[in-house]
Colleague: 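Below is one structure. I have some questions about it.
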Amino acid sequence: MIADDHESDATMQAELVAALYATPGTVLFAFATVTVIMIAAGLLSGGDVTFYAIAAATAAIGCYRQLSYRRYRSIHLASAGPAEIRMLETRAMAGAWATAALISAFGSYAVLRYTHQPVAVLAIAQTIGYLAGISGRNGSRPLIPRGQMLIAATPFTLSLLWTLEPVNLVIAISVVLATVLSFSSARVIHQMFLAQLRTMRELEHLAANDIVTGLHNRRGFLLKIRAMAAGPLPVTLISIDIDRFKGINDSFGHDVGDGLLKAVSRTLTAELGPRDLAARTGGDEFMVATTRGLADAEALAGRLVTLLASPQVIGGRHVTATASMGVAPANCAPSIEEALKCVDIALFRAKLDGRNRFVTYTPEIQKEHRDGIALEVELRDAIGRGAFELHFQPIYDPRSGRPMLIEALLRWNHPLRGRVSPLIFIPVAERTGMITALGSWVLGEAIRTALSWPPEIGVSVNVSARQFDEGDEGDDIVGIVEALLRENLLEPQRLTIEITESSLIHDTGHVVARLAALRRLGVRIALDDFGTGYSSLSYLVQLPIDTIKIDQSLAREVGTSAKANSLMNAIEQLARDLKLRLIVEGVETQEQLALMKKHRVDGVQGFILARPMPAAELLPLIAGPATPAARVTRKRKASPSP
């Protein structure tokens, strides 16, 4: 009974059947009206039982159609089988054609039996009104209105012609013309109905699905996941975020970015089963819902982390992109919306832990997340109130024992939390972008403090990777440093900017250009934590630096490890060949200090010489060389250098 090939899918069939039962109230009112008119005709005719019989049959058909509607309401069309669909269509067709037959019988009988009486006029008006009402109805099935027109118009037209009355002949011709027009328009109306239906389906598809990947979008995912979570099987959620996707878009273009999104979609589709659900819920964010247990879902997340990190060729470009994931059972919260927050918290933790991994949600992670949000609010307030201070730790020439450089170290003494380690609040400031304002304050305060020192002593300031991000012109680190030096009249060579390898990961070219601009100002550049990264040697070639600072982890091993001694000798020779100043951090014992003198390093820094201290305590210390006696008298409690 399906008319066209494009109507063959189950969803389209269900919608076409739904259209047949779309106006139950109108149908009920029409049957009631027609039945009353037929009873009225019986009264006008003086009690002709034929009219009463037709009225009773019409009322019975009306009840049948109401029962058919109730049956339709009891069936879930989206999951209905072909037999149920055909049954509903058959009932609608039988009811429509039976109604047409009764209307035709009413009109034909009245015209033939009461040709010149008012009851004939009433029946003709009712029949013509019914025929006019058929036009444009049941657009989902052209066979139904065509059948109605034939069943109702053929006997009625013949009855009109039989009377040989001129008026009836004119009416008959009008009915024939109307029937012909209805036949030709039924198909057009049906095609318009299908076009509208397809348009609505496309709009609904666009509203629930992502254009780029073809997966569900957030709206479609929420619609599906609610039904999925209401089922008998437990559901586990996996939230996926492509690491540094913006950088890929900016570097290779949006075509490559879209290609990467499609590649992720294909990977998800290939790994998921028929009961799993995948969606693209944001620009570089995906979501998976699976009926696997938590352990199997974690195994799936582990495979996805590995697969998505594989190098790919997209648009002729070699692209390697990792992904961070959060995993959480849907029953971790009382609602799906809350569960989605839980899985996003786990994803957030995975990104904080270094990306390219998955983290499973636990209540402890949620507590840490809430603490982190609270710390972020307090940090923003502290920046606004100027609640930070700088401590300073001298770097000494190991041969003369005099300070050559002083490192500025940021400190935050929280009114409730106490002394908050930079290892805790600096990552929060970097993640939220507050490091720009905080870093500018540190630079300004360090430069102003250095003005009170002897002119041969410089100041060293750690600069975060985020301070090199490309932003507004007013946030450019080169412009900030230049303005501060000019405002405070500090000689540029007295300022050393310390960077780490992490500053170079995202956009090495941009960072190198900014460092070169700083060097042109006369500012010194130091590579901090040297020896801890995997690519430090290559950076020595690329970077416009004049100082390397050896990390304290290597300083501790020198003198106790043959490998550490060899490495120290190699670094020392490398610094001499490249004409770089060599400073060693974390010198904590007299033995280490003696070894550093032996290795002829340019500067040493550590607790054995001086701890970080406020600016007021620093001035007496830098007036002369560091001696053991002076160190003993100035021993104080302080936090270790970060």
Side-chain angles (χ1 to χ4, degrees), residues 76-79 204-205 207-210 213 215-243 264-265 268-269 271-305 308 323-353 355 357-380 416 428 431-432:
H76 186 251
L77 288 180
S79 58
E204 290 174 358
H205 179 81
N209 293 271
D210 175 55
T213 64
L215 300 176
H216 293 296
N217 58 19
R218 187 172 186 84
R219 178 178 179 272
F221 179 77
L222 288 175
L223 291 174
K224 295 285 187 179
I225 191 60
R226 288 191 180 97
M228 194 173 178
L233 297 175
V235 176
T236 304
L237 302 171
I238 304 175
S239 182
I240 304 169
D241 188 272
I242 302 175
D243 298 328
V264 173
S265 171
L268 295 180
T269 303
E271 287 297 312
L272 299 182
R275 292 183 177 179
D276 299 330
L277 182 66
R280 180 190 173 204
T281 55
D284 58 353
E285 300 169 0
F286 292 80
M287 187 70 72
V288 169
T290 176
T291 54
R292 313 172 198 210
L294 181 59
D296 290 338
E298 289 176 331
L300 171 63
R303 286 200 308 276
L304 291 175
V305 167
L308 295 178
S324 303
M325 304 183 193
V327 181
N331 61 6
C332 67
S335 67
I336 284 295
E337 287 73 14
E338 292 295 322
L340 291 174
K341 293 179 182 178
C342 293
V343 74
D344 282 342
I345 288 173
L347 169 63
F348 183 79
R349 180 58 176 269
K351 296 175 79 68
L352 284 182
D353 287 350
R355 299 184 172 90
R357 69 194 64 215
F358 75 88
V359 169
T360 301
Y361 169 83
T362 63
E364 291 74 19
I365 288 178
Q366 185 178 49
K367 182 179 181 302
E368 292 173 5
H369 180 72
R370 289 173 178 170
D371 290 344
I373 293 176
L375 183 64
E376 179 182 331
V377 173
E378 294 165 3
L379 180 60
R380 196 177 303 275
L416 298 178
V428 175
R431 175 173 51 81
T432 58

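Fair warning: this is a prediction, and the values are worked out from it, not measured in the lab. Heads up: numbering here begins at 1 and tracks the sequence.
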Colleague: Ignoring hydrogens and geometry, is there a side-chain-to-backbone donor-acceptor pair from R357 to R355 under 3.5 Å?
Modeller: yes

Colleague: Not counting sequence neighbours, list each pair that qualifies as a side chain to side chain donor-acceptor pair (under 3.5 Å) and has a residue in residues 325-337.
Modeller: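 For residues 325-337, and leaving out neighbouring residues, the side chain to side chain donor-acceptor pair (under 3.5 Å) pairs sorted by first residue read R226-E337.
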
Colleague: With rounding to the nearest 0.5 angstrom, report the CG to CG distance, L272 to L277.
Modeller: 8.5 Å

Colleague: Run the salt bridge (charged side-chain N to carboxylate O under 4.0 Å, His left out) check on D243 and K351 step by step: do they pass?
Modeller: CA-CA 8 Å; D243 298 328; K351 296 175 79 68; 3.7 Å; yes

Colleague: Looking at side-chain heavy atoms only, is the closest gap between T213 and V264 below 4.5 Å?
Modeller: no

Colleague: Is any side-chain heavy atom of T290 closer than 4.5 Å to a side-chain heavy atom of D296?
Modeller: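 A side-chain contact under 4.5 Å is absent here.
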
Colleague: Side chains of L340 and M287: closer than 4.5 Å at any heavy-atom pair?
Modeller: yes

Colleague: Looking only at heavy atoms, what is the nearest atom pair of L308 and A323, with distance?
Modeller: CD1-CB, 3.8 Å

Colleague: Given side chains that start at C-beta, do those of L222 and H216 come closer than 4.5 Å, heavy atoms only?
Modeller: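 Result no, sub-4.5 Å side-chain heavy-atom pair not found.
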
Colleague: Within a strict 4.5 Å, meaning less than it, do heavy atoms of the L375 and E378 side chains meet?
Modeller: yes

Colleague: For residues C342 and Q366, report the shortest heavy-atom separation together with the two atoms involved.
Modeller: SG-NE2, 4.4 Å

Colleague: Measuring only between side-chain heavy atoms, which start at C-beta, is F348 closer than 4.5 Å to V359?
Modeller: no

Colleague: So do V343 and Y361 actually touch side chain to side chain, heavy atoms under 4.5 Å?
Modeller: no

Colleague: Do the side chains of K341 and E338 get close enough for a salt bridge, i.e. N-O under 4.0 angstrom?
Modeller: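 Between E338 and K341 there is a salt bridge, with a charged N closer than 4.0 Å to a carboxylate O.
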
Colleague: Could you state the interatomic distance from CZ (R292) to CG (L300), rounded to the nearest 0.5 Å?
Modeller: 4.5 Å

Colleague: Please lay out, stage by stage, how E285 and R218 fare under the test salt bridge (charged side-chain N to carboxylate O under 4.0 Å, His left out).
Modeller: CA-CA 10 Å; E285 300 169 0; R218 187 172 186 84; 5.7 Å; no

